[in-house]
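Computed from a predicted model, the values in this text were never measured in an experiment.
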Amino acid sequence: MKSLLLIAAFAALGAGAAGLLGWPAVRLLRRRSVALSLFCVAVVTVLAMTAGTVSVAQAMFLSSHDFGVVITVTCMAAVVSLVMAALLGRQVVAGSRALAVAARTVGSDDGFAAPAQPLGSELAALSAELAATSARLAESRTREQTLEASRRELIAWISHDLRTPLAGLRAMAEALEDGVADDPGRYHAQIRTEVDRLTGMVDDLFELSRIQAGALTLSLSRVSVYDLVGDAIAGADPLARERGVRLFGGQVEPAPVEVDGREMTRVLGNLLVNAIRCTPADGVVAVAARRSEDEVVLSVTDGCGGIPEPDLPRVFETGWRGVSARTPQAPAGGGSDGRHGDSGAGLGLAIVRGIVEAHAGRASVYNVNGGCCFEIALPAAAVLA
Ligand SMILES: Nc1ncnc2c1ncn2[C@@H]1O[C@H](COP(=O)(O)OP(=O)(O)O)[C@@H](O)[C@H]1O
Ligand SMILES: [Mg+2]
């Protein structure tokens with residue numbers, strides 16, 4: 001027992017001395033290649049083992065033959081360990097080099113090209129992380145390109161929509177200036193209507209930019225859906241009369257909601273004006289409101305004959321008007337504030353969706369028999385019991 005303790009003490013002494021020498025070397029190499037560090041660790045291990053063995057052998061007064069045997073065995077083990085350490089180092093370095101080459105493909109058009117060779121678990125995790133980052137980058141680039149394209153398209157559309165009435169205004173102003181207008185009163189009225197329509201368009205653009213910039217501040221108050229619908233119907237009534245469309249608001253449950261009254265009136269106004277415009281004379285536009293457990297759903301149903309199924313997901317897009325030609329038609333009346341002409345810039349439903357989503361609600365559309373139904377769902381949070 002005592003001799004075993006002695007052996008342990010001598011071995012610890014020899015190995016400890018090697019370890020003390022090895023630690024500064026490992027520290028010095030920590031900024032160098034990991035292969036070098038691995039090799040250094042193997043050298044220190046071999047030295048520690050050899051020093052321990054030699055000191056024990058010396059203490060045990062082994063014969064020179066036995067001592068030679070011990071040293072030979074130790075040397076063989078040392079050679080194998082060092083070769084293994086060198087091989088392992090090479091493998092680690094090759095893996096990290098392959099990953100460095102692959103990292104250059106992050107965010108490239110062809111996507112992340114993961115290293116073909118097998119990697120250790122840490123490097124494999126890093127590679128998976130790089131692949132996910134690359135996919136996220138590609139996704140956000142696509143999103144940005146789509147946004148940029150739709151922004152450019154919108155600017156082109158808006159410029160077109162503004163240019164045509166402006167050219168008309170200019171022609172009318174010139175005719176009045178030159179005194180060649182045969183009915184100046186009609187020209188003045190027309191100019192007034194066109195200016196109202198342009199003002200509405202600019203107003204819509206401003207509202208949309210506020211929504212998209214997240215700068216829409218809602219002043220919420222408790223109002224009855226009944227009053228909201230009543231106000232909207234009253235506002236759209238002149239246009240409906242002019243078009244010979246019947247407005248029907250019979251199925252409105254008097255549920256209270258917490259909304260920005262002005263913005264919500266704008267939402268219903270936009271929906272009603274669209275519905276009236278799209279419904280033929282003698283048709284019916286119906287407004288309804290129903291209360292379910294966790295939301296209040298307002299709906300505007302028209303008799304437009306239905307929206308083509310492929311167009312349904314697009315109607316809420318900014319600038320979408322469902323027709324490729326963007327030729328403004330003659331204005332036809334307008335809403336209560338003169339904003340609504342017949343030739344909107346395709347912003348109305350984008351504004352509807354923006355305002356409803358700012359209220360944490362949902363705007364949707366589906367076809368019904370003979371027409372379509374636009375629905376606004378306001379969540380339970382906006383409903384006061
Ligand atoms: N109630 C509706 N019935 C049928 N189609 C509609 C209705 N409301 C909107 N649309 C379609 O969606 C398009 C976009 O509407 P909107 O955003 O209000 O723009 P705008 O009224 O300026 O055309 C309209 O041009 C029309 O084609
Ligand atoms: Mg509209």
Asker: For the pair R314 (side chain) and D311 (backbone), establish whether a donor and an acceptor sit closer than 3.5 Å, ignoring hydrogens and angles.
Answerer: no

Asker: For residues 352-375, pull every pair meeting salt bridge (charged side-chain N to carboxylate O under 4.0 Å, His left out), keeping only residues two or more places apart or in separate chains.
Answerer: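 Every salt bridge (charged side-chain N to carboxylate O under 4.0 Å, His left out) pair that includes a residue of residues 352-375, provided the two are not neighbours, is R290-E375, E295-R362.
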
Asker: Backbone N or O of G348 within a donor-acceptor pair of the N270 side chain at under 3.5 Å?
Answerer: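 A pair under 3.5 Å: yes.
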
Asker: Return yes if some donor-acceptor pair links the side-chain N/O of S108 with the main-chain N/O of G111 below 3.5 Å, else return no.
Answerer: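 At least one qualifying donor-acceptor pair exists.
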
Asker: Measuring only between side-chain heavy atoms, which start at C-beta, is R243 closer than 4.5 Å to L239?
Answerer: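 A side-chain contact under 4.5 Å exists here.
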
Asker: Can you tell me how far apart OG (S55) and CD1 (I7) are? Round to the nearest 0.5 Å.
Answerer: 10.5 Å

Asker: Determine, using the 4.5 Å side-chain heavy-atom cutoff (strictly less than), whether V356 and L218 are members of one ILVMFWY cluster.
Answerer: yes

Asker: Where the side chain of H359 meets the backbone of G354, is there a donor-acceptor pair that is under 3.5 Å apart?
Answerer: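 No.
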
Asker: Tell me the closest heavy-atom pair linking T74 and V70, and the distance in Å.
Answerer: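 What the structure gives for the nearest pair is OG1-O, 2.6 Å.
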
Asker: Quick one: list whatever passes side-chain hydrogen bond (donor to acceptor under 3.5 Å, both in side chains) with S37, sequence neighbours left out.
Answerer: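 Result, side-chain hydrogen bond (donor to acceptor under 3.5 Å, both in side chains) vs S37: none returned.
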
Asker: Kindly indicate whether the side chain of L154, heavy atoms from C-beta on, has any atom under 4.5 Å from the side chain of L347.
Answerer: yes

Asker: Using side chain to side chain contact (heavy atoms under 4.5 Å, CB included) as the criterion, list what pairs up with L38, not counting sequence neighbours.
Answerer: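 Listed in chain order: L88, V92.
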
Asker: Are L216 and I351 grouped together when hydrophobic residues (ILVMFWY) are joined by side-chain heavy atoms under 4.5 angstrom apart?
Answerer: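 Yes; I351 is reachable from L216 via cluster members.
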
Asker: Should the heavy atoms of other residues, nucleotides or ligands under 6.0 Å from CG of D178 be counted, would the total exceed 12?
Answerer: yes

Asker: Just jot down the side-chain hydrogen bond (donor to acceptor under 3.5 Å, both in side chains) partners of R136, sequence neighbours excluded, or say none.
Answerer: none

Asker: Between F374 and V352, is any pair of side-chain heavy atoms under 4.5 Å apart?
Answerer: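 Result no, sub-4.5 Å side-chain heavy-atom pair not found.
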
Asker: Is there a path from V54 to V46 through hydrophobic residues (I, L, V, M, F, W, Y) whose side chains come within less than 4.5 Å of each other?
Answerer: no

Asker: Can you name the residues that form a salt bridge (charged side-chain N to carboxylate O under 4.0 Å, His left out) with D237, not counting sequence neighbours?
Answerer: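 Checked D237 against salt bridge (charged side-chain N to carboxylate O under 4.0 Å, His left out); matches are R241.
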
Asker: Checking side-chain contact (heavy atoms from CB on, under 4.5 Å) for the pair V245/V284: CA distance, chi angles, key distance, verdict?
Answerer: CA-CA 6 Å; V245 171; V284 175; over 6 Å; no

Asker: Calculate, to the nearest 0.5 Å, the distance between atoms CZ and CG belonging to F39 and L87 respectively.
Answerer: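 Separation between the atoms: 10.5 Å.
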
Asker: How many angstroms lie between atom OG1 of T193 and atom NE2 of H188, to the nearest 0.5 angstrom?
Answerer: 12.0 Å

Asker: Can you tell which of V225, L272, T301 makes a side-chain contact (heavy atoms from CB on, under 4.5 Å) with V287?
Answerer: L272

Asker: Restricting to non-hydrogen atoms, name the atom on P238 and the atom on A234 that form the minimum distance, rounded to 0.1 Å.
Answerer: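 Smallest heavy-atom distance, with atoms named: CD-O, 3.6 Å.
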
Asker: Please identify each residue that fulfils side-chain hydrogen bond (donor to acceptor under 3.5 Å, both in side chains) with Y226, with sequence neighbours left out.
Answerer: none

Asker: Of the non-hydrogen atoms in A42 and S81, which two are nearest, and what is the gap between them?
Answerer: CB-O, 4.4 Å

Asker: Can you sort out the partners of N274 under side chain to side chain contact (heavy atoms under 4.5 Å, CB included), two or more places apart, ordered by chain and number?
Answerer: R277, L349

Asker: Check side chain to side chain contact (heavy atoms under 4.5 Å, CB included) between Q251 and all other residues, then give those that pass, not counting sequence neighbours.
Answerer: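 Counting only residues at least two positions away or on another chain, Q251 forms a side chain to side chain contact (heavy atoms under 4.5 Å, CB included) with A288.
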
Asker: Please name the pair of heavy atoms, one in P256 and one in R291, separated by the smallest distance, quoted to 0.1 Å.
Answerer: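 What the structure gives for the nearest pair is CD-NH1, 4.0 Å.
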
Asker: Spell out, yes or no, whether L82 and L36 are grouped together once hydrophobic residues are joined by side-chain heavy atoms under 4.5 Å, including indirect joins.
Answerer: no

Asker: Determine the minimum heavy-atom distance between L29 and C40, stating which atoms define it.
Answerer: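 Shortest heavy-atom separation between L29 and C40 comes out as CD1-CB, 3.7 Å.
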
Asker: For the pair R266 and D203, find out whether any cationic side-chain nitrogen is under 4.0 Å from an anionic carboxylate oxygen.
Answerer: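 Looking at D203 together with R266, the answer is yes, because their closest N to O distance falls below 4.0 Å.
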
Asker: Among residues at least two apart in sequence or on other chains, which ones pass side chain to side chain contact (heavy atoms under 4.5 Å, CB included) with I191?
Answerer: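 In terms of side chain to side chain contact (heavy atoms under 4.5 Å, CB included), with neighbours along the sequence ignored, I191 is linked to L169, M172, L176, V195.
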
Asker: If you count every heavy atom of other residues, nucleotides or ligands that lies below 6.0 Å from R90 atom CZ, does the total exceed 12?
Answerer: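 Incorrect, the count does not exceed 12.
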
Asker: Can we say D161 and R197 salt-bridge, meaning some charged N sits less than 4.0 Å from an Asp/Glu carboxylate O?
Answerer: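 The answer is no: the pair does not qualify as a salt bridge.
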
Asker: May I ask you to test the Y366-V368 pair for a side-chain heavy-atom distance under 4.5 Å?
Answerer: yes

Asker: Around atom CG of D183, are there more than 12 heavy atoms of other residues, nucleotides or ligands at under 6.0 Å?
Answerer: yes

Asker: Which atom names give the shortest non-hydrogen contact between L147 and S150, and what distance separates them?
Answerer: O-OG, 3.0 Å

Asker: Kindly indicate whether the side chain of M201, heavy atoms from C-beta on, has any atom under 4.5 Å from the side chain of L205.
Answerer: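 Heavy-atom side-chain distance check fails, nothing below 4.5 Å.
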
Asker: Measure the OG1-CG distance between T318 and D204 for me, rounded to the nearest 0.5 Å.
Answerer: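 Between T318 OG1 and D204 CG, I get 11.5 Å after rounding to 0.5 Å.
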
Asker: Who pairs with R152 by salt bridge (charged side-chain N to carboxylate O under 4.0 Å, His left out), at least two apart in sequence or on another chain?
Answerer: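 Expected list: E148.
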
Asker: Using the side-chain contact (heavy atoms from CB on, under 4.5 Å) rule, take I376 and V300 through it: C-alpha gap first, then chi angles, then the decisive distance, then the call.
Answerer: CA-CA 9 Å; I376 303 299; V300 176; over 6 Å; no

Asker: Do I355 and V297 belong to the same hydrophobic cluster, where Ile, Leu, Val, Met, Phe, Trp and Tyr are linked whenever their side-chain heavy atoms lie under 4.5 Å apart, directly or via other members?
Answerer: no

Asker: Where do Q212 and L208 land on the side-chain contact (heavy atoms from CB on, under 4.5 Å) test, with the steps shown first?
Answerer: CA-CA 6 Å; Q212 288 181 347; L208 198 63; 4.0 Å; yes

Asker: Starting at CG of D227, measure out to CE of M264 and round the result to the nearest 0.5 Å.
Answerer: 14.5 Å

Asker: Okay, side chain of R141, backbone of G107: is any donor-acceptor separation there less than 3.5 Å?
Answerer: yes

Asker: Are the side chains of T72 and C75 in touch, meaning some heavy atoms are under 4.5 Å apart?
Answerer: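 They are not in contact (no side-chain heavy atoms under 4.5 Å apart), so the answer is no.
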
Asker: Within a reach of under 6.0 Å around CD of Q91, are more than 12 heavy atoms found that belong to other residues, nucleotides or ligands?
Answerer: no

Asker: Below 4.5 Å, heavy atoms only, C-beta onward: do V252 and L228 meet side chain to side chain?
Answerer: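 When only atoms from C-beta onward are counted, L228 and V252 do not touch, as no gap falls below 4.5 Å.
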
Asker: Say whether, by atom type as modelled, one donor and one acceptor occur between the side chain of S134 and the main chain of L130 under 3.5 angstrom.
Answerer: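 Not at all, since once roles are kept as given, no pair shorter than 3.5 Å links the two residues.
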
Asker: Between E174 and V180, is there a side-chain heavy-atom distance shorter than 4.5 Å?
Answerer: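 V180 vs E174: side chains apart.
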
Asker: What's the verdict on side-chain contact (heavy atoms from CB on, under 4.5 Å) for V257 and R222, showing C-alpha distance, side-chain angles and the deciding distance?
Answerer: CA-CA 6 Å; V257 283; R222 185 184 161 127; over 6 Å; no

Asker: Could you go through residues 119-127 and list every donor-acceptor pair under 3.5 Å that involves a side-chain atom there, pairing it with any protein atom two or more places apart or in another chain?
Answerer:
none

Asker: Among all residues two or more places apart in sequence or in another chain, which pass the side-chain hydrogen bond (donor to acceptor under 3.5 Å, both in side chains) test with E309?
Answerer: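 side-chain hydrogen bond (donor to acceptor under 3.5 Å, both in side chains) list for E309, sorted by chain: N367.
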
Asker: Measuring from atom CD1 of I276 to atom CG of D302, what distance do you get when rounded to the nearest 0.5 angstrom?
Answerer: 10.0 Å

